[in-house]
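For reference, the structure discussed in these notes is given below.
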Amino acid sequence: QVQLVESGGGLVQPGGSLRLTCAASGFTLEHYVIGWFRQAPGKEREWLSCVTRNDGSTYYADSVKGRFTVSRDNAKNTVYLQMNSLKPEDAAVYHCAAARRATYYCPAYREYDYWGQGTQVTVSL
């Protein structure tokens with residue numbers, strides 16, 4: 001069964017860090033572009049980052065550039081999102097997604113084939 005599962009969310013204070021994990025089963029993440037998204041209450045889903053399937057290039061939204069880092073561990077069939085210097089506005093449900101094909105380096109929302117269930121990140125004192 002094809003599955004993506006996010007983990008690592010939780011409560012963190014402003015300025016703190018979390019590392020989210022996106023673990024795949026039933027398929028090999030190495031052959032997919034992996035994207036990260038988040039959605040906060042009352043807001044639209046926001047694209048955060050992607051890592052390509054060939055050279056492993058990474059791309060980031062301006063809102064997280066310099067604070068978030070995405071990486072692959074192909075041996076573990078996982079992708080990580082390291083989040084540093086967290087702000088209250090970073091609070092959201094975070095999702096990873098996998099796309100086999102993309103028009104550009106980072107796929108459009110509609111191009112993702114698989115989605116994880118999401119993990120909650122809360123940033124608060």
Side-chain angles (χ1 to χ4, degrees):
Q1 178 112 320
V2 172
Q3 191 174 10
L4 278 176
V5 178
E6 303 96 334
S7 62
L11 175 64
V12 64
Q13 294 183 356
S17 298
L18 285 173
R19 188 177 74 164
L20 306 184
T21 298
C22 176
S25 60
F27 71 106
T28 302
L29 275 183
E30 181 179 10
H31 304 306
Y32 289 76
V33 183
I34 306 302
W36 285 95
F37 296 81
R38 69 186 180 191
Q39 188 165 27
K43 295 184 178 180
E44 295 183 359
R45 190 185 303 270
E46 178 186 11
W47 172 81
L48 301 175
S49 180
C50 85
V51 56
T52 65
R53 62 185 173 90
N54 292 322
D55 60 3
S57 297
T58 55
Y59 302 88
Y60 300 93
D62 289 341
S63 60
V64 303
K65 193 175 298 181
R67 300 188 298 122
F68 290 13
T69 303
V70 64
S71 61
R72 289 179 179 268
D73 188 337
N74 290 330
K76 293 186 171 71
N77 208 25
T78 60
V79 172
Y80 303 101
L81 182 66
Q82 178 67 45
M83 306 186 296
N84 299 326
S85 302
L86 284 163
K87 306 173 181 178
E89 51 263 44
D90 293 319
V93 176
Y94 284 70
H95 296 266
C96 64
R100 189 67 184 266
R101 300 172 178 86
T103 304
Y104 305 104
Y105 289 135
C106 288
Y109 175 82
R110 61 177 173 80
E111 294 181 291
Y112 285 96
D113 301 298
Y114 306 114
W115 288 83
Q117 85 292 343
T119 186
Q120 177 72 54
V121 172
T122 303
V123 185
S124 180
L125 294 171

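Treat the numbers as computed from the prediction; the structure is a model and nothing was measured.
- Residues satisfying the side chain to side chain contact (heavy atoms under 4.5 Å, CB included) criterion with N74, sequence neighbours excluded, are E30, R72.
- Sorted by first then second residue, the salt bridge (charged side-chain N to carboxylate O under 4.0 Å, His left out) pairs that include residues 80-105, not counting sequence neighbours, are R38-D90, R67-D90.
- The hydrophobic cluster around Y94 extends to V2, L4, V12, L18, L20, F27, L29, Y32, I34, W36, L48, V51, Y60, V64, F68, V70, V79, L81, M83, L86, Y114, V121, V123, counting ILVMFWY residues whose side-chain heavy atoms fall within less than 4.5 Å of a member.
- Scanning all heavy atoms of the two residues, the minimum distance from Y105 to P107 falls at O-CD, 3.7 Å.
- When the side chain to side chain contact (heavy atoms under 4.5 Å, CB included) test is applied to S57, the partners found at least two apart in sequence or on another chain are T52, D55, Y59.
- Although no hydrogens or angles enter the test, the distance criterion places no donor-acceptor pair under 3.5 Å between the side chain of N77 and the main chain of T28.
- Looking only at distances, no side-chain donor or acceptor of W115 sits under 3.5 Å from a matching main-chain atom of Q117.
- Under the rule for a side-chain hydrogen bond (donor to acceptor under 3.5 Å, both in side chains), Q39 has no partner lying at least two apart in sequence or in another chain.
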Test side-chain contact (heavy atoms from CB on, under 4.5 Å) on R45 and Y109 and set out the steps. CA-CA 10 Å; R45 190 185 303 270; Y109 175 82; 3.4 Å; yes
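- Sorted by first and then second residue, the salt bridge (charged side-chain N to carboxylate O under 4.0 Å, His left out) pairs involving residues 6-25 (not counting sequence neighbours) form an empty list.
- Each disulfide bond (SG atoms under 2.5 Å apart) pair with one or both residues in residues 88-125, not counting sequence neighbours, appears once here: C22-C96, C50-C106.
- Applying the side chain to side chain contact (heavy atoms under 4.5 Å, CB included) rule to T122 yields the partners L11, Q120, S124; only residues at least two apart in sequence or on another chain are considered.
- Scanning all heavy atoms of the two residues, the minimum distance from H31 to R53 falls at O-CD, 3.4 Å.
- Every pair tested for ring pair (Phe, Tyr, Trp, His ring centres under 6.0 Å) that includes a residue from residues 4-26 fails, sequence neighbours excluded, so the list is empty.
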Are S17 and N84 close enough, and set up right, to give a side chain to side chain donor-acceptor pair (under 3.5 Å), and what steps lead you there? CA-CA 4 Å; S17 298; N84 299 326; 2.9 Å; yes
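- In terms of the side chain to side chain contact (heavy atoms under 4.5 Å, CB included) criterion, residue partners of Q3 (sequence neighbours excluded) are, by chain and number, V5, S25.
- Within the structure, salt bridge (charged side-chain N to carboxylate O under 4.0 Å, His left out) pairs that include any residue of residues 103-125 do not occur (at least two apart or interchain).
- Among pairs with a residue in residues 114-125, none fulfils salt bridge (charged side-chain N to carboxylate O under 4.0 Å, His left out), at least two apart in sequence or across chains.
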